[in-house]
Colleague: 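Following this message is one structure expressed as structure tokens.
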Amino acid sequence: MTKKINKREKVEELVEIFSKHYPEPGTALEHNSSFELLIATILSAQTTDVQVNKVTKELFKEYNTPKAVLKLSQKELEEKINSIGLYRNKTKYILKTCRMLIDDFGGEVPSTRKELLKLAGVGRKTANVVLANAFYKAAFPVDTHVFRVSERLGLSSGKNVNQTEKELTKLIPKKYWIDFHHWLIDHGRAICKAQNPDCENCFASHICRYYQNN
DNA sequence: AACTCGGGGCA
DNA sequence: TGCCCAGAGTT
């Protein structure tokens, strides 16, 4: 069975469905400050939030400011985070970013997209995570899962990532941003996979554009 | 536009 | 055991 509803109604229904099936997103990056969120998000590239939390739980006990992190050599920092992938690049980015925070931003995490993008290891997605979660600004983070799942569901046009960011930022009510982001990612991993999506076991297929067209 | 980093997840 | 990836930088 399929229903004809507009996008906003679809969002409301998805909130109902997702909150029931993914009651505890549980995959959020644990942090106690905008700085910790920034570092955790840089670490999260091509990795799960669960893996990142394992590493940052210990790291942030002592090293939760740019100044503190800069006490570590790259090798020392590598030893603390080398249980996740891409750690050589990530340690390099983090140390450079900490240096920039002190030299160029008064030791604080900047709150504009333009400034955040200057930091090492901070791209479109990381910048939006910080803007939305630390500064409550209009910026819906879009990664590969969010891009694919929202396009399939019919929430976004799927033209490109920049367009999808704009569309979801406008479409999804702000109070749902954090949860919705994680729901789309979890759903993209478990059900709405890039290859061979498991539509038979999908609880949103009745309002899914992709399912209706296939 | 293609290549690289990398341990973990999953078939 | 091999394939892919919850991004970003470099060439």
Side-chain angles (χ1 to χ4, degrees), chain A residues 18 21-22 24-31 36-59 74-75 77-101 104 109-110 113-134 139-153 155-156 158-165 168 172 176-201:
Chain A
F18 282 143
H21 284 85
Y22 303 117
E24 295 180 37
T27 57
L29 294 170
E30 295 169 3
H31 64 279
E36 290 187 359
L37 176 63
L38 172 65
I39 299 304
T41 309
I42 291 174
L43 288 174
S44 74
Q46 299 291 97
T47 314
T48 65
D49 289 1
V50 173
Q51 296 302 117
V52 173
N53 288 339
K54 285 183 191 172
V55 164
T56 56
K57 184 166 188 174
E58 186 64 30
L59 180 70
Q74 179 166 352
K75 196 174 183 75
L77 186 54
E78 282 180 6
E79 288 172 3
K80 296 184 181 300
I81 70 160
N82 63 13
S83 64
I84 64 177
L86 314 180
Y87 58 88
R88 289 194 186 89
N89 282 338
K90 289 173 183 177
T91 51
K92 192 168 62 182
Y93 296 152
I94 287 171
L95 290 174
K96 186 173 180 184
T97 282
C98 287
R99 187 76 264 160
M100 293 175 73
L101 288 178
D104 304 335
V109 176
R113 181 186 178 91
K114 189 176 180 181
E115 291 173 313
L116 283 165
L117 289 175
K118 291 179 182 174
L119 300 172
V122 178
R124 186 188 55 242
K125 185 228 170 183
T126 301
N128 277 10
V129 168
V130 174
L131 287 172
N133 294 338
F140 197 97
V142 176
D143 54 42
T144 56
H145 288 313
V146 171
F147 182 79
R148 181 184 68 256
V149 176
S150 67
E151 191 276 334
R152 283 184 181 161
L153 284 170
L155 301 179
S156 56
K159 289 176 70 176
N160 55 60
V161 178
N162 287 331
Q163 182 65 25
T164 299
E165 277 182 8
L168 293 183
I172 310 297
Y176 297 140
W177 277 3
I178 296 175
D179 286 340
F180 216 92
H181 178 71
H182 287 108
W183 287 333
L184 292 180
I185 290 175
D186 287 344
H187 197 58
R189 296 277 289 187
I191 306 281
C192 197
K193 297 175 287 189
Q195 284 91 21
N196 303 322
D198 192 5
C199 298
E200 288 71 25
N201 290 316

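Not measured: the values here are computed from a predicted model. We name chains A, B, ... by the order of the sequence lines, and we start the count at 1 in each one.
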Colleague: Using the P atom in both, what is the distance from dC4(C) to dC3(B), to the nearest Å?
Modeller: 14 Å
Colleague: Taking any atom closer than 4.0 angstrom to a non-hydrogen atom of chain A, what span of DNA chain B does the protein reach, first nucleotide to last?
Modeller: dC5(B) to dG9(B)
Colleague: To the nearest 0.5 angstrom, please state how far the NE2 atom of His145(A) sits from the CG atom of Leu184(A).
Modeller: 11.0 Å
Colleague: Which residues within residues 84-96 of chain A lie with some heavy atom under 4.0 Å of an atom in DNA chain C?
Modeller: Leu86(A), Tyr93(A)
Colleague: Taking the side chain as every heavy atom from C-beta outward, state whether Asp49(A) and His182(A) have any pair of such atoms under 4.5 Å apart.
Modeller: yes
Colleague: Gln51(A) near the nucleic acid: base, sugar-phosphate alone, or nothing, with a heavy-atom cut-off under 4.0 Å?
Modeller: sugar-phosphate
Colleague: Using modelled atom types only, decide if a donor and an acceptor are shared between the side chain of Arg124(A) and the backbone of Asn162(A) within a distance under 3.5 Å.
Modeller: no
Colleague: Considering only heavy atoms from C-beta outward, does the side chain of Leu116(A) approach that of Val109(A) to under 4.5 Å?
Modeller: yes
Colleague: Can you check whether Asn82(A) reaches Thr91(A) side chain to side chain, under 4.5 Å on heavy atoms?
Modeller: no
Colleague: How close or far is atom C1' of dG9(C) from atom CD of Gln46(A), stated in whole angstroms?
Modeller: 13 Å
Colleague: Would you check if there is a donor-acceptor pair between the side chains of Asn128(A) and Arg113(A) at a distance under 3.5 Å?
Modeller: yes
Colleague: Could you give the distance from CD (Gln51(A)) to CD1 (Ile81(A)), rounded to the nearest 0.5 Å?
Modeller: 12.5 Å
Colleague: For residues 139-150 of chain A, which residues have at least one heavy atom under 4.0 Å from DNA chain B?
Modeller: none
Colleague: Say we look at dT10(C) and dG7(B): how far apart would their C1' atoms be, to the nearest angstrom?
Modeller: 22 Å
Colleague: Per the side-chain contact (heavy atoms from CB on, under 4.5 Å) rule, which among Leu131(A), Val129(A), Thr164(A), Ile172(A) passes with Phe140(A)?
Modeller: Ile172(A)
Colleague: Would you measure the distance from the P atom in dG8(B) across to the matching atom in dG9(C) and give it in whole Å?
Modeller: 24 Å
